[in-house]
Number of protein chains: 2
Amino acid sequence: MLTVPLFRAYFLDNEIVKGRDMAGPVQSRRDQNKVEKRGRIIAAARALFTHKGFDATTTQEIADAAGVAAGTVFTYAKTKEDLLILVFHDEMLEVADDAYKAARKRPDLLDQVIVFFETMVAYHARDLPLARALMRQLGYVSGDDQRTLVRELMRSVYGKLALLVEDAKGRGEVAASSPLLASARSLFAIYYLHLGAMLNGYVDREQFDRDLRTELGLLMRGLA
Amino acid sequence: MLTVPLFRAYFLDNEIVKGRDMAGPVQSRRDQNKVEKRGRIIAAARALFTHKGFDATTTQEIADAAGVAAGTVFTYAKTKEDLLILVFHDEMLEVADDAYKAARKRPDLLDQVIVFFETMVAYHARDLPLARALMRQLGYVSGDDQRTLVRELMRSVYGKLALLVEDAKGRGEVAASSPLLASARSLFAIYYLHLGAMLNGYVDREQFDRDLRTELGLLMRGLA
DNA sequence: CATAATAATTGAGCGCACTCAATTTTTGTG
DNA sequence: CACAAAAATTGAGTGCGCTCAATTATTATG
């Protein structure tokens, strides 16, 4: 089953190096092609979305730019909008990492959480219309693959917030009885609602910052 | 400007009674027609959405059922999805009213808030796919009219929650220093996040109930 | 290497949301 | 009532997301 034909070994040693020593079974040619095409589609979609905007970009354009047929795009994402998840998943994971690193430098939990969310907002603020489309899709995925990606993203964010809360417990800022995951989710819930309000133009950035601070502080009193 | 032609008075006294003694200037024939058509479109869309589902319903079907041309539908909602707001706005306002009435019967704030949200969930639970589509659209309105409707809805919900918090202050359950609107929004934020998780199948109804209770309780400690 | 089985890709075609120039309806005015 | 201006409605047309039968590429087997 895992036997590798000789010609494959040749290619592995000479042409295709990327990902050779990654975990798991050696990739078949099929999987290689899929990964490569997926990458091209993601790159093409990202470039077009950021340059022309989500609505103005057609799936045909994405297919052309990626060098695949129109139909192929839809084997990697069930809908045009699911492409948003595919395209920005990795980037958002990184942003969450950065946000966590920045947060850890602050002394107390409230500051930490605010820095955490402000880092994420700063990312979205670079392209508000796109962020709006992206956030919309985060709450309405079509395909199973994308659903998995969203799950992973949320796990990561909740996990990082939970770590911050846990450390705060160590410092005595938060009661030991406060459940970590629930606390993390409550914090995120507040951020999420206000981000939506901002992206939809119900409040401006300043109002957002103020509201966020106020309400996170309110919740923080409960955790203490 | 507000002069009413004689033939209008005739119609007002004989044919068209509904809304005659409502506030504001007497409706012109144009406005009457608009209101009437709007009503037919809303009724047609609601029937089709609930019977066939949102995706399976075409705007042409809605137009036919309402007795208008295809294009007319889009003068009342910019997109098919904005129709969701138009259709369910009034109903959701009523649900919020019912939720508030049910909540007031409970003794303490946590119970009240849980009853409040459970009433709203019960409404959504009647048709989960539709609720999912509706909730999605609440966070992504296209037209200005619908945006106004959403604003009104949120004002109503926040207002009712704020009333509950205010009463709780009177009973000494909540600190006088806790800002009403911010408290209301934080409570709603928690509900909103978990409702989304449930509608998207990340958690089942039981898990939803438990999470909601836990996290509302957490916040409640902060308000106290 | 030949051949069958399986998976991936293709792109023409379809259905539907939405547009907009033309038409009809309503209102304001003399 | 006649007529012009304004507003509302119409529905054929358009573009695009998405499908799926046909084709091509890859893998498994003797």
Side-chain angles (χ1 to χ4, degrees), chain A residues 1-9 11-12 16 25-41 45 48-49 52-64 66-84 86 133 137 142-143 145-146, chain B residues 1-9 11 16 25-38 40-41 45 48-49 52-64 66-84 86 133 137 142-143 145-146:
Chain A
M1 193 197 198
L2 290 182
T3 54
V4 177
L6 284 181
F7 74 91
R8 281 234 44 249
F11 276 111
L12 279 178
I16 300 166
V26 176
Q27 283 185 340
S28 67
R29 181 165 201 91
R30 247 182 211 156
D31 290 344
Q32 276 176 23
N33 284 340
K34 282 196 86 166
V35 168
E36 194 187 303
K37 251 172 208 169
R38 205 180 107 113
R40 290 212 307 273
I41 289 171
L48 286 163
F49 286 163
K52 300 187 52 169
F54 179 76
D55 290 340
T57 300
T58 68
T59 55
Q60 185 66 60
E61 287 174 318
I62 295 170
D64 291 347
V68 297
T72 304
V73 170
F74 294 96
T75 60
Y76 294 88
K78 263 189 108 180
T79 65
K80 178 188 174 184
E81 323 210 305
D82 262 15
L83 277 173
L84 285 168
L86 198 59
Q137 202 52 21
S142 296
D145 294 351
Q146 272 67 11
Chain B
M1 194 193 199
L2 289 182
T3 52
V4 177
L6 285 181
F7 74 90
R8 282 234 44 248
F11 275 112
I16 299 167
V26 177
Q27 286 184 339
S28 66
R29 178 164 204 91
R30 250 183 208 154
D31 290 345
Q32 275 177 25
N33 284 340
K34 282 196 87 166
V35 168
E36 192 186 305
K37 251 173 208 166
R38 203 180 110 114
R40 290 211 309 272
I41 288 170
L48 286 162
F49 287 163
K52 300 187 54 169
F54 179 75
D55 290 340
T57 300
T58 68
T59 54
Q60 184 66 62
E61 286 175 319
I62 295 171
D64 291 348
V68 298
T72 305
V73 171
F74 295 97
T75 58
Y76 293 88
K78 262 188 112 180
T79 65
K80 179 188 173 184
E81 324 211 306
D82 262 15
L83 277 173
L84 285 167
L86 197 60
Q137 202 52 20
S142 296
D145 294 351
Q146 272 67 11

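In the text below, chain A, chain B and the rest are named by the order of the sequence lines, each starting its count at 1.
The nearest whole Å value for the distance from the CZ atom in F74(A) to the P atom in dG13(C) is 18 Å. What separates NZ of K80(B) from P of dC18(C) is a distance of 8 Å, to the nearest Å. Atom P of nucleotide dT27(C) and atom NZ of K34(B) are separated by 13 Å, given to the nearest angstrom. Across the protein-nucleic acid pair, R40(A) atom CZ and dA8(C) atom P stand 16 Å apart, rounded to whole Å. Rounded to whole Å, the distance from CD1 on I62(B) to P on dG11(D) is 17 Å. Look at NZ on K37(A): it is 12 Å from C1' on dT26(D), rounded to the nearest Å. Nucleotide dT25(C) holds its P atom 18 Å from the CG atom of D31(B), rounded to whole Å. Distance OH (Y76(B)) to C1' (dA8(D)): 8 Å, rounded to an integer number of Å.
Distances from the side chain of T59(A) to the nucleotides dT10(D), dG11(D), dG17(D) place dG17(D) closest.
In this model, no side-chain donor or acceptor of R30(A) finds a partner on the base of dT9(C) within 3.5 Å.
As judged by a 4.0 angstrom heavy-atom cut-off over every strand, S142(A) is placed among residues making no nucleic acid contact. Within 4.0 Å of V68(B), counting heavy atoms only, lie sugar-phosphate atoms of the nucleic acid but no base atom. Residue T72(A) is in base contact, counting any heavy-atom pair closer than 4.0 Å across all strands shown.
No side-chain heavy atom of Q146(B) sits less than 4.5 Å from a side-chain heavy atom of T79(B). No side-chain heavy atom of F54(B) sits less than 4.5 Å from a side-chain heavy atom of L83(B).
Screening I41(A), D82(A), V68(A) against Y76(A) for a side chain to side chain contact (heavy atoms under 4.5 Å, CB included) leaves a single residue, I41(A).
Taking all atoms of both residues into account, the shortest heavy-atom contact from A69(B) to A63(B) is O-CB, 3.7 Å.
Mapping T79(B) and N33(B) onto DNA chain C by nearest heavy atom places T79(B) closer to the 5' end of the strand.
Checked by atom type and distance alone, the side chain of S142(A) never pairs as donor or acceptor with a backbone atom of K78(A) at under 3.5 Å.
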